[in-house]
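Each remark here refers to the structure printed beneath this line.
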Amino acid sequence: MSEIDNSKDYAAVQQQVEQLRREIAEHDYRYYVLDRPSIADSEYDALFAELRRLEQSHPELITADSPTQRVAGSPQSELATLHHDSPMLSLDNAFEPGDLDDFDRRIRELSGAEQIAYTGEPKLDGISLSLTYVDGQLVRAGTRGDGRAGEDVTANVRTIGSVPLRLRGSGYPARFEVRGEVVIRKADFEALNEQRWQAGERPFANPRNAAAGSLRQLDPRITAKRPLTLFVFGVGEPRATGALSHWQVLQWLSKWGFRVSEPLRSLSGVEECHRFHQQLIEQRDELEFEIDGAVFKVDDLATRDELGFTARAPRWAIAFKLPAREATTTVRQIVPSVGRTGKITPLARLEPVDIGGVTVSRASLHNADELARKDVREGDTVMVRRAGDVIPEITDVVLDKRPGEAQPWRFEERVRACPQCGAEVVRLAGEAAHRCVGGLSCPAQLEGAVQHFASRRALDIDGLGEKIIEQLVAKGLVRDVADLFYLRHEQLAGLERMGDKSADNLLNALARARRSSLDRFIYALGIMHVGEVTAQRLAAAASTLCQEIAPADSADDSRGASVLLRQYLGLPEQSHITSEALLRIMAAPVEELEQLEDIGPVVAQSIVRFFAEEHNRGVIERLCAAGVSWPEPRQPGGSAGEAGGEQAPLSGKSIVLTGSLQGMTRSEAKAAIERQGGKVTGSVSRRTDYVVAGEDAGSKLSKARELGITVLDEGEFTQLCSKDC
DNA sequence: AAACCTCGAGCTCT
DNA sequence: CTCGAGGTTT
């Protein structure tokens, strides 16, 4: 083939191949090293495809440093051993500030200098690598191993985008060794684990393990798919480069096409080192890569030579550890715990360990699947990670140390009922979590349940906020939502931030909330998957339900249906649950509920389970006994609007009062508006219907004008109110 | 007067 | 989730 090409064309092809390689290498550099791509992926792909095509028709033009040759070679049966040219030593560690000061003092004494110039780099948590370049070409790469010899991972390292196959620029030694750390982004690590979990493979415990595992693949094609990055931090024999300082070495490495560890600082004296360390601790969570320390190196290479080495580490560098995030310990026990939403989470009680200054004695196992996947057992030795501020997590089980008698902990077998309230535990289709259906009465869920119950769209109990609920629950004054209606003034007035006035207000709000509507009541119960709309549907359709048990025409004497339903539900005759509509909903079987619009099997199940729960029925009973009631809905189709519907001029309107009114107090005005079916709100927004402006109206008036909302003066307002009064 | 609580609104992300 | 307003408690 190439023989028949005439030489001019051939030279052109050769040139084009070279050109493409240069371009692709440049884009690789921009993308992987600078993190600043300058062309779209599709354009890059096109260049790559073109090069591939040319190389396919001219195989003799292929060179080892061609970008197409990153993934080359076939799977191996084992990784060969590789001896390092100069040993890869480890670093001495500093664990507390004093260690760093000692280090600095030693260096000042040995070198005789007043103040030392250091470089500060992060100690990336990955695996160390040595790369050998000959005449600017990557010839081999090996892991650190024991420092003298590691594993030959050249084929794998070639697949890493941030590793230059051919160096950029010039001025590099004919043969030299570059050192760096191969890491994986935290986000990529999560994604990789997710993928492995989907594929049924064992997830990696941490980004370092993921990087190590990826690099030690026998098949480079697998490594190529892993999002690895190389950060370099030095060279084997720095003096061979001709540099005078470490800083210079790093700059040159950067110029030659490497990505240098970031963040990087030039520091004068030990104080700045401390500050850098502190900064790293603060930035830690925001960094893309996991780090486990700060590395400080004497910058001046001549000083370094004077300092020399101890048996195992250079005297001119130190790694100042960041607070640990991982530790191993043993699992004492696994227990289910109930969260505020009713979610039941398996929790491992651990032999307490110190992880970076915090004692950890428990770790979440998230849910039954996660537990099964990790197969954590009581007695296991586990690796625990505390990332950021989140709850510690068990990342790995050390199988070698598993006691012989350890048994898998099977969620379904162990958690038959809610450990807090004894209610039924369900797992809804498609959900990872198991939940307690004891909603209204489960202590673990109480605060949340009360908050929902009192919320505006539910029973709208004004003045019952987070802090008050917290206290009521903590003092045992409220054990379920029904208790709210039995609260007395003297019980309330003693609470923090709850004086006479607030107590009165709350009691008034409770009194008002007793008269509600069926749909709000249903919604307030907080049945899983029953929101406002579903609650409305249930309320509207109530009278059609349970016709078999209690036919509508038995309503000759209107007691008839209720009696039948109560019997069916097994309620006592003197039960306070008198609403026929509610009884029909409570007694409705799954099949009937499923007939309703927007209610499928999941929601229907959830409703039936809720009302089947003894605790929940008890709470409903007591709510009704406390006088919580509503107008019975009529016929299926016919609904709401009764007396007051249209006449009330402010019905459903939202009104803001601002400034002071002459003829009435603020609260009189509020009461007047409420009598007319309106609602007084605090701030002006698009959803405000009227703003009533009194004397000295302020910012709210201007905002109302801005939004084009009707502004009423006092005269207009009283007129509006008096219309029907 | 200052501190604190609740509520409503609007924003962002899911 | 954050903010500001309004109202209450300390």
- d(NZ, A:K467; P, B:dA3) in whole Å: 16 Å
- Query: Please walk me through it: do A:Q198 and A:E194 pass side chain to side chain donor-acceptor pair (under 3.5 Å)?
  - Reply: CA-CA 6 Å; A:Q198 300 290 346; A:E194 182 54 34; 2.7 Å; yes
- Task: Using a heavy-atom cut-off of under 4.0 Å over every strand shown, decide if A:L506 touches base, sugar-phosphate, or nothing.
- Result: nothing
- Message: With a sphere of 6.0 Å drawn around NZ of A:K186, does it hold more than 12 non-hydrogen atoms of other residues, nucleotides or ligands?
- Response: yes
- Query: Over how many whole Å does the gap from A:I468 atom CD1 to B:dC4 atom P extend?
  - Reply: 14 Å
- Message: List the residues meeting ring-ring contact (aromatic ring centres under 6.0 Å, His included) with A:F411, not counting sequence neighbours, and say none if there are none.
- Response: A:H434
- Query: How close or far is atom P of B:dC7 from atom CG of A:L459, stated in whole angstroms?
  - Reply: 13 Å
Nucleotide N/O of nucleotides 8-10 of chain C paired with protein N/O under 3.5 Å:
from  : atom 1 : to     : atom 2 : distance (Å)
C:dT8 : OP1    : A:N505 : ND2    : 3.4
C:dT8 : O3'    : A:S502 : OG     : 2.7
C:dT9 : OP1    : A:G499 : N      : 3.1
C:dT9 : OP1    : A:G499 : O      : 3.3
C:dT9 : OP1    : A:K501 : N      : 3.3
C:dT9 : OP1    : A:S502 : N      : 2.7
C:dT9 : OP1    : A:S502 : OG     : 3.0
C:dT9 : O2     : A:R497 : NH2    : 3.0

- Euclidean distance, atom CG of residue A:L492 to atom P of B:dC5 [Å, nearest integer]: 16 Å
- Query: Is any NZ, NE, NH1 or NH2 atom of the basic residue among A:R622 and A:D480 found under 4.0 Å from an Asp or Glu carboxylate oxygen of the other?
  - Reply: yes
- Just how far, in rounded Å, is P of C:dG7 from CG of A:N508? 16 Å
- Check the pair A:S579 / A:E632 against side chain to side chain donor-acceptor pair (under 3.5 Å), numbers first and verdict last. CA-CA 7 Å; A:S579 160; A:E632 263 315 88; 2.6 Å; yes
- Could you tell me the separation between the CD atom of A:E466 and the P atom of B:dG8, rounded to a whole number of Å? 15 Å
- Residues passing the salt bridge (Lys or Arg N to Asp or Glu O under 4.0 Å) test with A:E412, sequence neighbours excluded, are A:R427
- Item | Interatomic distance where CZ belongs to A:R457 and P belongs to B:dC7 [whole Å] | 14 Å
